[in-house]
Amino acid sequence: MRELISSLIRFSGAVTMFSLEQVQNAAAAPTDTRTAIRTLTATLNEMSESLISKIDEPKRAAHESMSKSQAEMVGRTFNAVNLNAPDELIQKSSASLSSVVARSAATGTGSA
């Protein structure tokens with residue numbers, strides 16, 4: 001059981017770090033941010049499909065329902081917020097995430 005929990009935590013950390021890196025990569029491509037976002041979206045969708053294919057049907061149905069609800073919520077949020085500058089939103093989000101990671105790393109290093 002210990003190994004399973006360690007693997008789950010490791011997996012969660014890897015997904016989080018991968019996601020942060022991909023958002024930073026998308027924001028760091030100022031000349032072609034839209035292509036970077038499309039590439040990131042495709043990569044995340046492929047990873048999701050790979051994982052979904054490994055779960056049983058009842059959980060797939062639950063995942064589909066959750067995904068549909070989440071997509072509706074995101075759609076409503078984007079409809080409520082005027083996002084005329086998505087590149088700026090991505091850059092600000094990346095900068096914010098970078099500062100959180102940097103602070104976390106600094107705190108982690110200082111307490112060791």
Side-chain angles (χ1 to χ4, degrees):
M1 188 59 135
R2 180 178 297 175
E3 291 83 12
L4 173 62
I5 292 170
S6 292
S7 290
L8 288 169
I9 292 169
R10 184 171 181 256
F11 174 76
S12 177
V15 168
T16 301
M17 290 295 111
F18 175 81
S19 298
L20 288 171
E21 182 178 88
Q22 295 305 307
V23 168
Q24 288 173 330
N25 289 345
T31 57
D32 202 2
T33 304
R34 294 187 198 297
T35 299
I37 290 170
R38 279 193 298 273
T39 301
L40 171 58
T41 300
T43 300
L44 294 174
N45 286 337
E46 289 171 18
M47 291 174 65
S48 295
E49 289 304 319
S50 176
L51 292 171
I52 292 164
S53 72
K54 297 183 182 341
I55 59 178
D56 62 23
E57 189 53 44
K59 289 180 185 74
R60 278 188 213 163
H63 177 271
E64 183 64 31
S65 177
M66 286 186 328
S67 292
K68 189 175 185 179
S69 295
Q70 291 165 344
E72 288 173 4
M73 183 174 62
V74 168
R76 280 185 257 148
T77 300
F78 272 68
N79 288 337
V81 177
N82 185 5
L83 295 175
N84 289 326
D87 298 345
E88 183 180 331
L89 174 67
I90 294 293
Q91 289 170 348
K92 286 182 179 180
S93 298
S94 178
S96 177
L97 289 171
S98 293
S99 72
V100 168
V101 170
R103 281 194 310 262
S104 176
T107 302
T109 330
S111 64

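Counting only residues at least two apart or in different chains, salt bridge (Lys or Arg N to Asp or Glu O under 4.0 Å) contacts with residues 2-21 are absent.
Scanning for side-chain contact (heavy atoms from CB on, under 4.5 Å) contacts around Val15 gives Phe11, Ser19, with sequence neighbours left out. When the side-chain hydrogen bond (donor to acceptor under 3.5 Å, both in side chains) test is applied to Ser98, the partners found at least two apart in sequence or on another chain are Gln24. In terms of the side-chain contact (heavy atoms from CB on, under 4.5 Å) criterion, residue partners of Ile5 (sequence neighbours excluded) are, by chain and number, Met1, Ile9.
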Distance-only check: which donor-acceptor pairs under 3.5 Å involve side-chain atoms of residues 39-46, not counting sequence neighbours?
unit_1 : atom_1 : unit_2 : atom_2 : d
Thr39  : OG1    : Thr35  : O      : 2.9
Thr41  : OG1    : Ile37  : O      : 2.8
Thr43  : OG1    : Thr39  : O      : 3.0
Asn45  : ND2    : Thr41  : O      : 3.3

Please table the atom pairs, donor to acceptor, closer than 3.5 Å between any side-chain atom in residues 49-60 and protein atoms at least two apart or in another chain.
unit_1 : atom_1 : unit_2 : atom_2 : d
Ser53  : OG     : Ser50  : O      : 2.7
Asp56  : OD1    : Lys59  : N      : 3.2
Asp56  : OD2    : Lys59  : NZ     : 3.3
Arg60  : NE     : Ile52  : O      : 3.2
Arg60  : NE     : Ile55  : O      : 2.9
Arg60  : NH2    : Ser53  : O      : 3.1
Arg60  : NH2    : Ile55  : O      : 3.1

